[in-house]
Amino acid sequence: MEENTNTNVPSNFIREIINGDLETNKYQGKVHTRFPPEPNGYLHIGHAKSICLNFGIARDYNGLCNLRFDDTNPAKEEVEYVESIEEDVRWLGFDWEDRMFYASDYFEKLYEFAIQLIKEGKAYVDSSTADETKDMRGTPTESGKESLNRNRSIEENLKLFTGMKNGEFEDGAHILRAKIDMTSPNMHMRDPVMYRIKRATHHRTGDIWCIYPMYDYAHPISDWIEGITHSICTLEFEIHRPLYDWFLTELHLENRPQQIEFARLNLSYTVMSKRKLLELVQEGYVTSWDDPRMPTISGLRRRGYTPESIRSFADKIGVAKRDGMIDVALLEHTIREDLNKRALRVMAVLKPLKVVITNYPEDKSEDLDAINNPEDPSMGKRILPFSKEIYIEQDDFRENPPKKFYRLYPGNEVRLRYAYIIKCNKVIKTDAGEITEIHCTYDPETKSGTGNTRSVKGTIHWVSAKHAIKAEIRLYDRFFVAEDPLADKDKDFKDLINPNSLELLNNCRIEPGLTNVKPGDKFQFERQGYFCVDLLSTEGKIIFNRTVPLRDSWAKIEKKQ
RNA sequence: UGCCUCAUGGUGUAAUUGGCAACACGUCAGAUUCUGGCUCUGAAGAGUCUAGGUUCGAGCCCUAGUGAGGCAACCA
């Protein structure tokens, strides 16, 4: 039974499990997954892995995937996060149709199940303090001790738990615990907490409840209620699985979902934990959750990443149980791969150097043809104005060229892309020796598209000085200097922030056709990289973010020298 | 001195379930090129953590080690 129709995705252990379940007809041929974020922060690329995994499996096996908000802790959760999560999942290209749920949808049912467990003697109310509970739990190597309240009568437990629900007690006065085994080598089985009293306004249920279920209790039941077959989560929950199964067993539930754990994503040169990302935002190391240097979905979106590139990345990294670290180079590869096919080519000069073409008529200007995307002829052509004074990239001129430098230097010729071959005759400098402009002559016989066969080693980009428009361009680089900013536990990861992660250029010149760009528009600036119009860009002030530079083999050659 | 899990080129995943270790990224070289991009061609790079065992045959099965990660919120 080969249900996997997506040939881009290599086999993985989760698909093996599903294939096995399909063969044994464990779930009557059904495959139903879910993506269950807690709405307490913004989604990041690690979540994208999980989203692509869960929705991807549902798609490939003709199954379903739910979006479920795991909102059992009102102290940390907000609607703002719910909304951003919905937006991000949708943006990534996935559809939960009418299956958006909340753990809080099941508060009533969860409460009834808790009563059932109390009645069967499998749960009890403990009135110990939090500290006492902690002390009694033992350590990984020493077993715990039973609470004095462990043997309360069912009637008393019922009365107390009802009282907890009805608001008769202070926060922290009691908890409801599952009666399992205080000597278990698995700490999570030592009478885990099922409910705590917490007076906090829940973003959906308001003040209706003052007791809230814990994750370990709510999650298996929520999965079961929704008919989830494969409950996929990250490795740190592995040790919770016996508890997940315990609740389902003790509640006598049929068609039980199974929890499967995979390794979370670690990406080099960044951090992924919500707490650390929050720290970066709150302490002003970045401007916001969607700062283009953030590994959040919204940050990547603003940086210029496409949903397609992120999905392709998720497919390429695979799924396994061993934790490792993925090289950002792979992420960068997927966005280049995607944008290479689709992005309009355009000329932009980031650090302008004026070139005067001395033998070109003063008032003349020409309209030149430029190809929009050599990878896709259907994208057509555009017109580029040319005139006597142009700007080229400062990096494309050297007064004293190193070996293998094919660009402009005194006495050398280069082709101006889509225009003419020019020759550098003179370098104009200030008294201080600073180069202010270059004087060149052009060869009128070498106009692009005229069939002239004379060729030179280098081709450089340019814009016409009097036609070009100004723009601000933000060059982003990796946010940390260390591959794993958390590797050294004695060091604060914030000390490893790359001081040059943002280079702001506000004197850039871009071709005039770009006057009306809109936030989110994506381009390849020829020879430089992929750029995207920033969220805050306006007609009066155009702002571009560099998504990723082009691969640059010259930079490698130069570095070697 | 516990319990759970994991171990395959630099990185990340595969390996028809016991049959010549493959793919992608990265790296290097070359070809092509009006983008030092793309594309194309080729190369280097692991003999599968270690030691035993079973077998005609082991990355895969068994035993014992070693190393790494996780587990002691009224967080998820």
Side-chain angles (χ1 to χ4, degrees), chain A residues 10-12 16 36-38 40 70-73 75-77 103 126 128-130 133-135 137-144 171-177 184-190 192-198 211-212 214-216 218-219 233-242 261 263 268 274 315-327 329-334 336-337 340-341 345 347 371 373-375 404-407 414-419 421 446 448-449 455-461 483 524-529 549-558:
Chain A
S11 177
N12 63 55
E16 293 292 314
E38 182 186 17
N40 69 341
D70 221 330
D71 56 348
T72 56
N73 184 1
K76 300 201 323 196
E77 298 149 5
D126 192 349
S128 310
T129 64
T133 310
K134 189 181 175 183
D135 292 343
R137 191 161 10 237
T139 69
T141 53
E142 295 165 68
S143 74
D171 285 14
H174 308 284
I175 50 176
L176 184 72
R177 300 178 76 173
S184 171
N186 182 344
M187 302 275 306
H188 296 275
M189 298 298 273
R190 322 241 261 230
V193 180
M194 292 169 58
Y195 272 92
R196 75 284 211 190
I197 305 172
K198 181 174 280 203
I211 57 170
Y212 291 94
M214 302 289 288
Y215 164 86
D216 281 318
H219 209 87
C233 63
T234 45
L235 240 34
E236 67 268 28
F237 291 102
E238 204 155 34
I239 200 156
H240 296 239
R241 186 169 3 114
E261 311 86 9
S268 61
K274 274 186 192 170
D315 289 343
K316 285 185 205 296
I317 60 179
V319 186
K321 291 194 75 144
R322 100 185 76 144
D323 31 28
M325 171 148 322
I326 308 265
D327 194 338
L330 185 59
L331 217 211
E332 295 173 346
H333 167 258
T334 62
R336 287 195 190 104
E337 185 183 44
N340 177 50
K341 289 181 303 199
R345 310 290 131 116
M347 294 210 276
I371 293 165
N373 186 344
E375 304 291 317
K404 290 193 167 176
F405 187 80
Y406 303 150
R407 285 111 98 143
V414 291
R415 171 169 289 283
L416 295 175
R417 179 96 158 135
Y418 297 125
I421 290 174
T446 57
S448 293
S455 84
V456 287
K457 200 85 173 155
T459 299
I460 63 173
H461 62 277
E483 199 171 306
Q524 183 197 94
F525 289 178
E526 291 218 22
R527 304 208 303 134
Q528 307 198 93
L550 251 30
R551 295 187 68 201
D552 186 353
S553 51
W554 164 242
K556 287 178 193 168
I557 294 168
E558 195 181 22

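In what follows, every chain begins at residue 1, and chains take the letters A, B, ... in the order their sequences are listed.
Closest contact between the side chain of H333(A) and the listed nucleotides C25(B), A73(B), C3(B) involves C25(B). Here A76(B) is the nucleotide among G26(B), A76(B), C71(B) with the atom lying nearest to any side-chain atom of N73(A). For V193(A), the side-chain atoms get nearest to C74(B) when compared with the rest of G2(B), C74(B), G36(B). Taking the side chain of R196(A) as heavy atoms from C-beta on, and the options G36(B), U13(B), A76(B), the nearest nucleotide is A76(B). In this structure, the nucleotide among C25(B), G70(B), G2(B) sitting nearest to the side chain of P140(A) is G2(B). Taking the side chain of D327(A) as heavy atoms from C-beta on, and the options C71(B), U11(B), G37(B), the nearest nucleotide is U11(B). Candidate nucleotides C3(B), C75(B), C74(B) were compared by shortest atom distance to the side chain of E38(A), and C75(B) ranks first.
Whole-Å rounding puts the E16(A) CD to U16(B) P distance at 9 Å. Distance CG (D315(A)) to P (U13(B)): 14 Å, rounded to an integer number of Å. What separates CD of E238(A) from P of C71(B) is a distance of 12 Å, to the nearest Å. Note: CE (M214(A)) to P (A72(B)) measures 11 Å, nearest angstrom. The distance from atom CZ of R137(A) to atom P of C3(B) is 20 Å, rounded to the nearest whole Å. Atoms CG (D216(A)) and P (A72(B)) sit 11 Å apart, rounded to a whole Å. Rounded to a whole Å, the CG atom of D135(A) is 11 Å from the P atom of C74(B). For the pair K316(A) NZ and A14(B) C1', the computed distance is 15 Å after rounding to whole Å.
Within the structure, every side-chain polar atom (N or O) of R322(A) is placed at least 4.0 Å from both OP1 and OP2 of G70(B). Residue T459(A) places none of its side-chain N or O atoms closer than 4.0 Å to OP1 or OP2 of G36(B). The phosphate of A76(B) (OP1 or OP2) has no side-chain N or O of K274(A) nearer than 4.0 angstrom. Using a 4.0 Å cut-off, some side-chain N or O of R527(A) falls inside it from OP1 or OP2 of G36(B). For U27(B), one of the phosphate oxygens OP1 or OP2 lies less than 4.0 angstrom from a side-chain nitrogen or oxygen of K556(A). Note on H461(A): every side-chain N or O is 4.0 Å or more away from OP1 and OP2 of U35(B).
Comparing the C1' positions of G42(B) and C49(B) gives a spacing of 33 Å, expressed to the nearest Å. With C1' as the reference atom, U8(B) and U1(B) are 31 Å apart, rounded to whole Å. Between the P atoms of U33(B) and U27(B), the separation comes to 24 Å (whole Å). Only the C1' atoms considered, A64(B) is 32 Å distant from G45(B), to the nearest whole Å. The separation of U17(B) from U54(B), taken at their P atoms, amounts to 25 Å, rounded to a whole angstrom. U55(B) and C3(B) have their P atoms separated by 32 Å, with the value rounded to a whole Å. Comparing U13(B) with A21(B), their C1' atoms sit 13 Å apart, to the nearest whole Å. Between C61(B) and G18(B), the distance separating the two P atoms is 8 Å to the nearest Å.
Using a 4.0 Å heavy-atom distance criterion, I175(A) is classed as a base contact. Counting non-hydrogen atoms under 4.0 angstrom, E337(A) reaches nothing in the nucleic acid. Among the protein residues, R407(A) comes within range of the nucleic acid bases, having at least one heavy atom under 4.0 Å from a base atom. Within the nucleic acid shown, F237(A) comes within 4.0 Å of at least one base atom, counting heavy atoms only. Among the protein residues, E375(A) comes within range of the nucleic acid bases, having at least one heavy atom under 4.0 Å from a base atom. Within the 4.0 angstrom heavy-atom criterion, no nucleotide atom of any strand lies near E261(A). Residue contacts for V456(A): at a heavy-atom cut-off of 4.0 Å it reaches no nucleic acid atom on any strand shown. As judged by a 4.0 angstrom heavy-atom cut-off over every strand, T139(A) is placed among the base-contacting residues. Among the protein residues, I421(A) comes within range of no part of the nucleic acid, since none of its heavy atoms lies under 4.0 Å from any strand. F525(A) comes within 4.0 angstrom of nothing in the nucleic acid, heavy atoms only. Across all strands shown, T72(A) has heavy atoms under 4.0 Å from sugar-phosphate atoms exclusively, and none from any base. Residue contacts for G458(A): at a heavy-atom cut-off of 4.0 Å it reaches no nucleic acid atom on any strand shown. Across all strands shown, K198(A) has heavy atoms under 4.0 Å from sugar-phosphate atoms exclusively, and none from any base. Heavy atoms of N12(A) sit under 4.0 angstrom from primed sugar atoms or phosphate atoms, though from no base atom.
Residue R336(A) places no side-chain atom within donor-acceptor reach of the base of G37(B), judged by atom type and a 3.5 Å distance cut-off alone. For R345(A) and U35(B), a side-chain-to-base donor-acceptor distance below 3.5 Å is present, hydrogens and geometry of angles not being considered. With hydrogens and angles ignored, no donor-acceptor pair closer than 3.5 Å exists between the side chain of E483(A) and the base of G10(B). Looking at Q528(A), its side chain has no donor and acceptor atom pair within 3.5 Å of the base of U35(B).
With its glycosidic angle more than 90° from 0, A51(B) adopts the anti conformation. Look at G57(B): its glycosidic torsion is beyond 90° from 0, and that puts it in the anti range. For U55(B), the base adopts the anti conformation, since its glycosidic angle falls more than 90 degrees from zero.
Nucleotides of RNA chain B nearest to P37(A) and L330(A) differ in position, and the one nearer the 5' end is that of L330(A). Mapping K76(A) and I460(A) onto RNA chain B by nearest heavy atom places I460(A) at the nucleotide closer to the 5' end.
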Could you go through the side-chain contact (heavy atoms from CB on, under 4.5 Å) check for K404(A) and W554(A) one step at a time? CA-CA 9 Å; K404(A) 290 193 167 176; W554(A) 164 242; 4.2 Å; yes

With salt bridge (Lys or Arg N to Asp or Glu O under 4.0 Å) as the criterion, how do E38(A) and K274(A) come out once you've worked through the C-alpha distance, each side chain's angles and the decisive distance to 0.1 Å? CA-CA 11 Å; E38(A) 182 186 17; K274(A) 274 186 192 170; 5.3 Å; no

Would H219(A) and H240(A) count as a side-chain contact (heavy atoms from CB on, under 4.5 Å) here? Give the steps. CA-CA 11 Å; H219(A) 209 87; H240(A) 296 239; over 6 Å; no

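Nucleotide C61(B) is matched to G53(B) when pairs are restricted to Watson-Crick or G-U wobble geometry with both distances under 3.5 angstrom. Base pairing analysis places U41(B) opposite A29(B); the two distances defining the Watson-Crick or G-U wobble pair are each below 3.5 Å.
Taking CZ of R527(A) as the start and CE of M347(A) as the end, the distance is 10.0 Å to the nearest 0.5 Å.
The ring of W554(A) lies on top of the base of G36(B), close enough and flat enough: under 5.5 Å between centres, under 30° between planes.
Contact between A75(A) and K198(A) at its shortest, heavy atoms only, is CB-NZ, 4.1 Å.
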